Asks: 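The structure is given below, and queries will be raised subsequently.
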Amino acid sequence: MKRLLITGATGNQGGAAARRALARGQDVRVAGTRVDVLRERFTGAEVARLDLCDPSTFALACEGVDGVFLIRPPKIAKVGPTLNAFIDEAARAGVQHFVFSSVAGAERMKHIPHHKVERHLIEGSLPWTILRPGFFAQNFADAYRLDIVEDDRVYVPAADGCAAFIDTRDVGELAAQILAEPEGHARKAYWLTGPESLSFAQAATILTQELGREVRYERASALGYVRHLRKRHRLGWMQTVIQTGLHLGLRRGDAEAVSPQLAELLGRGPRSLRDFVRDHRERWMR
Ligand SMILES: NC(=O)c1ccc[n+]([C@@H]2O[C@H](COP(=O)([O-])OP(=O)(O)OC[C@H]3O[C@@H](n4cnc5c(N)ncnc54)[C@H](OP(=O)(O)O)[C@@H]3O)[C@@H](O)[C@H]2O)c1
């Protein structure tokens with residue numbers, strides 16, 4: 001049986017990948033900086049400390065591992081000494097397959113950290129699969145949650161732009177599937193989205209119907225959103241600029257196209273935004 005190392009397991013994609021791999025009966029090692037949380041959440045898994053900013057933790061985390069699932073923690077911008085050094089260590093440790101979850105369009109966006117990780121894998125010797133997911137449905141429970149819970153509104157500068165929201169449970173499920181049976185997936189990159197493209201007004205309607213109280217979509221201006229992220233969410237300048245830029249991109253249709261690949265790979269349709277909201281209603285309760 002293969003031993004799989006799952007990073008980011010306290011987060012969205014890694015959590016889903018670890019749960020799925022455990023459910024498949026795989027030998028799973030979850031790794032991250034908060035080992036206590038990992039121990040509490042994943043009783044059936046081995047736990048290792050992995051700090052991608054501390055190379056002294058890499059070798060032990062990779063020891064005896066056949067497959068790795070890697071995400072880029074949002075706070076890590078400099079990937080050379082962190083994620084890319086970790087990939088090198090995984091290759092030295094004899095890892096046979098590496099799945100990296102990047103972001104849709106990363107192959108064209110040379111300035112983003114994911115692009116540099118992709119290049120490093122592509123130019124290296126380790127067999128890899130790159131997943132390129134679009135906008136996460138989980139943003140409604142993370143980045144937008146406070147505005148929904150406290151103000152009953154979704155407030156973003158996307159105008160009438162649409163996104164084909166993907167549920168990270170599907171990304172994790174696919175990652176676990178590829179790591180269990182990597183044959184045919186080496187040196188392939190998959191563009192992944194949810195099943196339909198929705199405007200934020202449509203998303204607010206789904207929240208209203210599923211939560212049983214009115215949630216409205218309020219169009220933010222770029223400047224209004226910057227102020228909102230700084231004052232209300234207390235985001236740093238870098239995160240504010242990135243988050244604002246991503247939402248302005250939605251106005252141009254950056255994330256509206258729907259990809260058939262997830263359904264083809266999973267052998268079933270992707271989860272919808274409505275499925276996600278219905279399964280996590282308690283996240284938006286006051
Ligand atoms: N939001 C979107 O719509 C979207 C769409 C496409 C792609 N993405 C990309 O998806 C990635 C985020 O994925 P996610 O949402 O699954 O993550 P997430 O839920 O934000 O979780 C981040 C994970 O990173 C781990 N982490 C943080 N610092 C670490 C460190 N120094 N060493 C090791 N692990 C560390 C955290 O674990 P511990 O703190 O427990 O160590 C946590 O498990 C980002 O790269 C983002 O750009 C996002």
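For the single chain, residues carry numbers from 1 onward in sequence order. What's counted below: heavy atoms across the whole structure, side chains too, no hydrogens, waters or symmetry copies. Predicted model only: the values in this text are computed from it and were never measured. Order of listing sets the numbers, starting from 1, for every ligand and every atom in it.
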Asks: Check for me, please, whether I130 and I71 land in the same ILVMFWY cluster - side-chain distances under 4.5 Å, paths through other members count.
Replies: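 No, because I130 and I71 fall into different hydrophobic clusters, even though each may have its own neighbours under 4.5 Å.
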Asks: Using heavy-atom distances only, which candidate in G172, G8, P74 approaches atom 22 (C) of ligand 1 most closely?
Replies: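 Looking at heavy atoms only, P74 sits closest to atom 22 (C) of ligand 1.
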Asks: May I ask you to check whether H247 and F135 place their ring centers less than 6.0 Å from one another?
Replies: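 For H247 and F135, the ring centres are under 6.0 Å apart.
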Asks: Among A31, S101, S102, A16, which residue places a heavy atom closest to atom 7 (C) of ligand 1?
Replies: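 Closest candidate by heavy-atom distance is S102.
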Asks: Report the nearest protein non-hydrogen atom to atom 9 (C) of ligand 1: residue, atom name, distance rounded to 0.1 Å.
Replies: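 So the nearest neighbour among protein heavy atoms is H114 NE2, 4.0 Å.
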Asks: Please write down residue, atom name and distance for the protein heavy atom closest to atom 15 (O) of ligand 1.
Replies: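 Result: N12 ND2, 3.0 Å.
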Asks: Considering only heavy atoms, which of L52, I6, T82 lies nearest to atom 32 (N) of ligand 1?
Replies: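 Of the listed residues, L52 has the closest heavy atom.
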Asks: If the cut-off is 4.0 Å to any non-hydrogen atom of T10, which atoms of ligand 1 fall inside it?
Replies: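 This gives 36 (C), 37 (O), 38 (P), 40 (O), 42 (C), 43 (O) as the contact atoms.
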Asks: Minimum heavy-atom separation for C53 and P55, please, with both atom names.
Replies: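 It is O-CD, 3.7 Å.
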Asks: Pick, from T33, D54, I71, L70, the option with the minimum heavy-atom distance to atom 17 (O) of ligand 1.
Replies: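 The residue whose heavy atom sits nearest atom 17 (O) of ligand 1 is I71.
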Asks: By number and element, which atoms of ligand 1 are closer than 4.0 Å to a non-hydrogen atom of N139?
Replies: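 Heavy-atom distances to N139 below 4.0 Å select 1 (N), 2 (C), 3 (O).
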Asks: Taking 4.0 angstrom as the limit and counting only heavy atoms of G134, give me the atoms of ligand 1 inside it, by number and element.
Replies: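 By the 4.0 Å cutoff, the relevant atoms are 5 (C), 6 (C).
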Asks: What about M238 and L229, same hydrophobic cluster or not, with Ile/Leu/Val/Met/Phe/Trp/Tyr joined at side-chain heavy-atom distances under 4.5 Å?
Replies: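 They do share one cluster, since a chain of ILVMFWY contacts under 4.5 Å joins M238 to L229.
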Asks: F135 to ligand 1: N or O pair under 3.5 Å?
Replies: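 No, no N or O pair falls under 3.5 Å.
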Asks: To which protein heavy atom is atom 10 (O) of ligand 1 closest, and what is the distance rounded to 0.1 Å?
Replies: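 Checked against all protein heavy atoms, atom 10 (O) of ligand 1 sits closest to Q13 NE2, 3.3 Å.
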Asks: Among all protein non-hydrogen atoms, which one is nearest to atom 21 (O) of ligand 1, and what is the separation to 0.1 Å?
Replies: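 So the nearest neighbour among protein heavy atoms is G11 CA, 3.5 Å.
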Asks: Aromatic rings F140 and F165: how do their planes relate, parallel, tilted or perpendicular, breaks at 30° and 60°?
Replies: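 Perpendicular: the ring planes of F140 and F165 meet at over 60°.
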Asks: Closest non-hydrogen protein atom to atom 34 (N) of ligand 1, residue and atom name please, with distance?
Replies: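 Of every protein heavy atom, P73 CG, 4.0 Å lies nearest to atom 34 (N) of ligand 1.
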Asks: Atom 31 (N) of ligand 1: which protein heavy atom is closest, and how many Å away?
Replies: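 Checked against all protein heavy atoms, atom 31 (N) of ligand 1 sits closest to D51 OD1, 2.9 Å.
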Asks: Do L126 and V68 have side chains that get closer than 4.5 Å, going by heavy atoms?
Replies: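 Of all side-chain heavy-atom pairs linking V68 with L126, none is under 4.5 Å.
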Asks: Answer yes or no for R230 and W237: cation-pi contact, defined as NZ/CZ to six-membered ring centre under 6.0 Å and angle to ring axis within 45°.
Replies: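 Here R230 passes the 6.0 Å and 45° test against W237.
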Asks: Give a yes or no on whether the backbone of E150 and the side-chain of R286 come within a donor-acceptor separation of less than 3.5 Å.
Replies: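 No: the side chain of R286 does not pair with the backbone of E150.
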